[in-house]
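In what follows, a single structure is set out as structure tokens and then discussed.
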Amino acid sequence: MKYTDINFNNKTILITGGAGFIGSNLAFYFQNYYPDAKIIILDSFRNNETFSNGNLKSFGHFKNLLGFKGHVISGDINDKKLLEDLEENYSFDYIFHQAAISDTTVNEQDLMIQTNVNAYEDLLKIAIKHNANVVYASSAATYGDSNRFEVGYESPNNAYGFSKVMMDNITNEYLKKDLNISIVGLKYFNVYGPREFFKNKTSSMVVQFGHQILKGLTPKLFEGSDKILRDFIYIEDVIQANIKACNPKKSGVYNVGTGKARSFEDIVDILQSELNIDKGKEYIKNPFIGSYQFFTQANIEDTQKYLDYKPRYEMEEGIKEYIPEIKRLFKEEVK
Ligand SMILES: NC(=O)c1ccc[n+]([C@@H]2O[C@H](COP(=O)([O-])OP(=O)(O)OC[C@H]3O[C@@H](n4cnc5c(N)ncnc54)[C@H](O)[C@@H]3O)[C@@H](O)[C@H]2O)c1
């Protein structure tokens, strides 16, 4: 579905992190609706390198881009020379900045701040020179221990959440200047949907539970899961928010969720009912207590008001639409 009257044909669009989950979905949105848009993807793509938590350093995967007809650049957003080349050789109209260390459990604070915060500011400077509107990914992890999910009440409890607060601070600082561009930060809540599979253990519990159930296993939930509630949002609504953020009534930082908190038990119940398999539920200890969010629910009043954003998917509908892809992945990718 088209979410705006803006004609992106013949516009030059940079998508950083475009080989990842959200970035690749954005790339296909533009390709499908605006075949004459010039889409450039910058992503570091995966190799075998891992962080100290054992997870991959980059989740970008070529399979997220099968069928993509635009340009792909493999490179590191921290590479100043690469950014200079981008500045010189292109003239961007829009920049969607999704590249980041997206793994909330990464311990390397130095690389986290460099990649998520400092590289963002470098990119902003290019956007200002090019007169390109910017939409970047912030996160609900900025709220951490807060019990108020409204911009201004952030309380991050890990380095990742902190890095996203610092991005929002930079944004607010730049917005005080007299700029010709719009800058919108989107605090995504828990996103699920097609093209997240290659995030491995950091993909949503929707696809992970889906595959446990298809394997014939009993889904493993953290103890007290009926009281762990999150705002789970389907990828299509995240794309809507990104597109509407290209033409905001007001630049700034906005929540992107459904406005409704649902439990991890709900996910398992909906999946088992859609898959027509009942394996019951098993409970395990939560190893992340201390840096774990037990409740999130986006206040989306400002997002509705200033971006004209209206979430379209209840969790039941999002999971139902996702089921054929969960089954395909299980057949073709799950080892
Ligand atoms: N998926 C969610 O639920 C969620 C929630 C809140 C915020 N976010 C944010 O949204 C954005 C997109 O997340 P995603 O879920 O698509 O994650 P993802 O890991 O699939 O995508 C991020 C992409 O950035 C690339 N990347 C990482 N480091 C890079 C670097 N140094 N240089 C260039 N590219 C680099 C990765 O290869 C990957 O393809 C991220 O900024 C993430 O922090 C995601």
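Just so you know, ligand 1 is whichever comes first in the structure, and atom 1 is the first atom listed for that ligand. Just so it is clear, the structure is predicted and the values come from calculations on it, not from any experiment.
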- Message: Can you tell me how far apart CD1 (I40) and OH (Y90) are? Round to the nearest 0.5 Å.
- Response: 5.0 Å

- Name the orientation class of the two ring planes belonging to Y120 and Y136 (parallel below 30°, tilted from 30 to 60°, perpendicular beyond 60°). tilted

- Is R262 salt-bridged to E316, cutoff N-O under 4.0 Å? yes

- When every non-hydrogen atom of S263 is compared with those of L229, the smallest separation belongs to CB-CD2, 3.4 Å

Which protein N or O atoms sit under 3.5 Å from any N or O of ligand 1? Give each pair with its distance.
| from | atom 1 | to | atom 2 | distance (Å) |
| --- | --- | --- | --- | --- |
| ligand 1 | 1 (N) | K199 | NZ | 3.2 |
| ligand 1 | 3 (O) | V191 | N | 3.0 |
| ligand 1 | 15 (O) | K199 | NZ | 2.7 |
| ligand 1 | 16 (O) | F21 | N | 3.2 |
| ligand 1 | 16 (O) | I22 | N | 2.8 |
| ligand 1 | 17 (O) | S102 | OG | 3.4 |
| ligand 1 | 19 (O) | S102 | OG | 2.7 |
| ligand 1 | 20 (O) | F21 | N | 2.9 |
| ligand 1 | 26 (N) | S44 | OG | 3.4 |
| ligand 1 | 31 (N) | D76 | OD1 | 2.9 |
| ligand 1 | 32 (N) | I77 | N | 2.8 |
| ligand 1 | 34 (N) | S44 | N | 3.1 |
| ligand 1 | 34 (N) | S44 | OG | 3.3 |
| ligand 1 | 37 (O) | D43 | OD1 | 2.6 |
| ligand 1 | 37 (O) | G60 | N | 2.9 |
| ligand 1 | 39 (O) | G20 | N | 3.1 |
| ligand 1 | 39 (O) | D43 | OD1 | 3.3 |
| ligand 1 | 39 (O) | D43 | OD2 | 2.6 |
| ligand 1 | 39 (O) | G60 | N | 3.2 |
| ligand 1 | 41 (O) | Q98 | O | 3.0 |
| ligand 1 | 41 (O) | K164 | NZ | 2.8 |
| ligand 1 | 43 (O) | Y160 | OH | 2.5 |
| ligand 1 | 43 (O) | K164 | NZ | 3.1 |

- Which residues satisfy the salt bridge (Lys or Arg N to Asp or Glu O under 4.0 Å) test with K320, sequence neighbours excluded? none

- Message: Please give me the minimum heavy-atom distance between M1 and Y29, naming the atom from each residue.
- Response: O-CE1, 3.4 Å

